[in-house]
Structure formats: C-alpha cells, structure tokens
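For the numbers below, each heavy atom of this structure counts, side chains included, while hydrogens, waters and symmetry mates do not. As the structure lists them, so they are numbered: ligands from 1, and atoms in each ligand from 1.
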Amino acid sequence: MVHVNDNYLKLPGSYLFSEISRRVSAYQAAHPEAKLIRLGIGDVTQPLPPAVIRALHEAVDEQACAKTFKGYGPEQGYSFLIDAIREHDFLPRGIELSGDEIFISDGAKCDVANFQEILGGDSVVAVTDPVYPVYVDSNVMAGRAGELGPDGRWSRLVYLPCTAENNFIPALPEKRPDVLYLCFPNNPTGTTLKYDELARFVEYAREKECLILFDAAYEAFIQEDDVPHSIYEIEGAREVAVEFRSFSKTAGFTGLRCAFVVVPKEVRARDAQNTLRALNPLWNRRQTTKYNGCPYIVQKAAAAVYTKEGQAQIRAAIDGYMENAALIRTGLAESGLQVYGGVNAPYIWLKTPGDMDSWTFFESLLTRLGLVGTPGAGFGPSGEGYFRLTAFGGRENTMEAMRRIREAGHWSVWCGK
Ligand code: PLP
C-alpha cells in the first residue's frame, strides 16, 4: 500500500482565512444590506504599472515570431533581469552580487517554502512569533517541527516572541537553532529592525554557525533611513544569509508572479562528514531539476520595473499604499487604540483593547462597523491579543473604514466594553 507523507497529516487545517471567510459570509447572509470593507487581505489592489503592461505586450509579440520566439529559458532566470536586479536593487547600496548568486522564480512563497529542502532533515528551526505561516508549515511538511502542542507551538521549533514588550524586536535565541527565519519589514506586525538590531543576528549566526533565511518581500515599503533594505548591508552577512525578494507587493505582481532568491557563494553548511558545503550549487541543482524557470514574458515585465518610468510608477503606487497606512494609523489612534507598524510596511498591527482576544475584536469590528481584518492569533501564539489591518485596500475603502471608526468614537463604545 502507498503511504502518504504523514507530516502533512499533522498540519492543522488552514483555519485562519477559512474561518474568517466563514464568519464574514454568515454575517453578510444575515445582514445583506451591510457594506463590508475588507482590510484583512495581503493582496494589492492597484493594477500593474503601464511600463509593465507595455513590456508584457511587447514580449507577447516576440513569442508570435519565429525569430524572437523563446522556448525553455535558463532555469535561474534571464541575464537581462538578473543584471537589472544587481544594478538597481543592490549596487546602489554597496552590495556586489555576481549573476549566478541570483535565482529568478515565480514567487517568494515557493522560494521560502522550498529552500529548506536543501537543508538537513534534522535541522533545528527558529521562527519569530507571530510569523508568516509558510516558514512553519513547510518545515512541518519536511518533518522538522515535531508535534503541535495545545499551546499552538510545535515541539521542535524555537519561537522568538515579538510583542509590544520587546518592541517587536526578537531576542537572540536562548538555544542555538541551525536555521533562523527573519522577515523584515515584518508580516504581520509591520515593524522593522534597524541596522544595529539586524547586525546582532548576523553576528550571532556567524558565531554559532547558523543560517539566516531573510525574507525582504516588503523592503520597497521602507521609508526611514536607518532601516536596512537588504541583509547584505550588514557586514559578514554574505557568509550566513540567503535573501528572498518579490515583485508581488513592490510592483503589483501578485497575479503575474515573479520573485528572486540571493544565495551568495560564501554561504555554507556542513555535510554528514562535517565538511563545509556551499549552498549556492545545491540550490542551483534543486532549481535546475525541479523548476523550469519563470516565463520569459513575466521576466520582461519584471525588467520593466527597473526602467525610469517603471520606477516612478511603482513608487507612486507604494506611496499611495503608505498613505493608506498613515490614514489607518491615525484613525485607530484617534479611537484610543494602540497601533504599531505601518511606517515601513503596509501592515498595521494593533493591540486589541481591554484584554479582548483577537477573535472577539474581529467580531466587534465586523458586527459594529462592517470592517474585516485578521486576528493576530492566526499568525502564532504571540499574535494573540493583536490584530492586523492592511494598507492594500483602495483609498476610498480605507477612508470609508476610518470614517466609520471615527464616527463610532472611542473603542470602548463600539467594542461594547
Ligand atoms: N513573504 C512574505 C513575508 C509575505 O507576506 C508574502 C506574501 O504575502 C510572500 C513572501 C509571498 O510572496 P510571493 O507573492 O512572491 O509568493
């Protein structure tokens, strides 16, 4: 008889978003007149920039002509895109990468989920808590997480709580992990690490021989000068860190799909004989075997993001989202709520008031104001007592949501406390 991978059976159902949608549907069915505003999703609402659309059309036309037609491309990505990334995203920050250190893909979600495959099955993994669930679930699937306890923690994972008490800056792990996932600017908390705070992790990883998997999917949203955009801005990071980037939120590619991973040649891990092995050739091997490359037309579209026009257009969209974030921050603060994030990231993280749990707050927001957000508990045990709103909604929806909050007055009125 065929056996399933039992690790998959350990995964709890995708409870968070299905539960949100169940509750929202039930409420809408009972109140068909209610105009609900969804500020819970992490998807963009602005269309692709015109420069990207033009590049897509041109690339499609190339595919119609035998002379310019492209079949299978390099699994690692076309050099026109890799060179644009090196020149625009890294060189201006003093980071020199060679072309074969960048791997283009169709998404940071699959990259962060797949990368663990080239690491030992018994590696000890540390995650910040709350966390983007893909880091945890992909390690559960690989059998590294142990068992899920009643407190919502996996027995073999190391959790680094990020709460208001530590200003959402994780402490260094007490127990040495092999692998450490860091995501800054952070989803869901919307907070970031400054140079010296990130440098502590790089130093720790170098001293303890750990690997940092650094998710920089939201780097384009950084507004403040003292926040690193890439982990390679920190000295020594090339030896211990792999970085994940995405065009999804930066340029509206959530549907088109393009991302990349940086695997510097110096990053190494030990084999069974205790010999140091570079990860770059292993990731190359993995990609060339299991992946056939991001479509040519999509890579052409991504390259258009780096043109002068493309840069101006994506900047305008990001600025618009960050203005939404500022509106949300102000609106919530005016109703007496404690707000975090939303300054260098499109996520606003708020403390649920009056010791309310995050699902009770969800219900108040839904039933009293017709607003939908995401309960923090869904992102990990330390997310309990918090709530996430996103700045990706349209401007009108965001303004309408804040109008409802302002008119409802202090939270104690509409939260029924
Ligand atoms: N990393 C983080 C932290 C995210 O929040 C997301 C998407 O929400 C991703 C990665 C996925 O990015 P992509 O659309 O490139 O798969």
Side-chain angles (χ1 to χ4, degrees), residues 14 16-17 20 38-46 48 52 77 81 85 89 102-116 127-139 160 162 168 170 180-193 198 212-222 227-231 241-262 287 291 293-295 298-299 301-302 305 314 317-318 321 325 341-342 344-349 373-374 376 378-380 383 388-393:
S14 161
L16 179 64
F17 289 100
I20 290 174
R38 290 174 169 78
L39 295 179
I41 45 150
D43 198 357
V44 292
T45 47
Q46 291 295 308
L48 286 162
V52 168
L81 178 56
I85 290 169
D89 282 343
I102 296 175
F103 297 82
I104 310 292
S105 75
D106 60 1
K109 182 179 187 172
C110 25
D111 286 338
V112 290
N114 291 333
F115 203 85
Q116 49 75 31
V127 291
T128 54
D129 172 26
V131 71
Y132 177 55
V134 176
Y135 315 145
V136 172
D137 290 359
S138 55
N139 279 290
L160 306 177
C162 294
F168 305 95
L180 175 54
Y181 286 84
L182 294 179
C183 171
F184 292 101
N186 189 261
N187 175 15
T189 68
T191 57
T192 48
L193 293 188
L198 185 57
I212 297 178
L213 297 179
F214 189 73
D215 188 339
Y218 297 99
E219 70 78 31
F221 292 83
I222 294 171
V227 178
H229 287 245
S230 166
I231 195 165
V242 167
E243 182 164 303
F244 301 87
R245 294 264 187 121
S246 172
F247 291 91
S248 281
K249 310 298 161 69
T250 307
F253 275 54
T254 50
L256 200 55
R257 314 300 303 145
C258 194
F260 61 94
V261 191
V262 180
Q287 289 298 81
Y291 183 58
C294 177
V298 175
Q299 293 191 57
V305 167
I314 66 160
I318 290 170
Y321 291 133
N344 294 298
Y347 295 112
I348 294 92
W349 191 240
T374 313
F379 297 101
R388 191 190 78 172
L389 293 175
T390 88
F392 288 126

Please list all pairs passing the salt bridge (Lys or Arg N to Asp or Glu O under 4.0 Å) test where one or both residues lie in residues 245-260, with sequence neighbours left out. D89-R245, E219-R245, E243-R245
Donor-acceptor pair, side chain of T45 and main chain of F392, under 3.5 angstrom: yes
Ring centroid separation F244 to F260 under 6.0 Å: no
Show the numbers, then the answer: is there a side chain to side chain contact (heavy atoms under 4.5 Å, CB included) between V262 and F103? CA-CA 6 Å; V262 180; F103 297 82; over 6 Å; no
Parallel, tilted or perpendicular: which one describes the rings of F221 and Y218, with boundaries at 30° and 60°? tilted
Aromatic rings F379 and F17: how do their planes relate, parallel, tilted or perpendicular, breaks at 30° and 60°? perpendicular
Please list, by chain and number, the protein residues whose heavy atoms come under 4.0 Å of ligand 1. G107, A108, K109, Y132, Y135, C183, N187, D215, A217, Y218, S246, S248, K249, R257
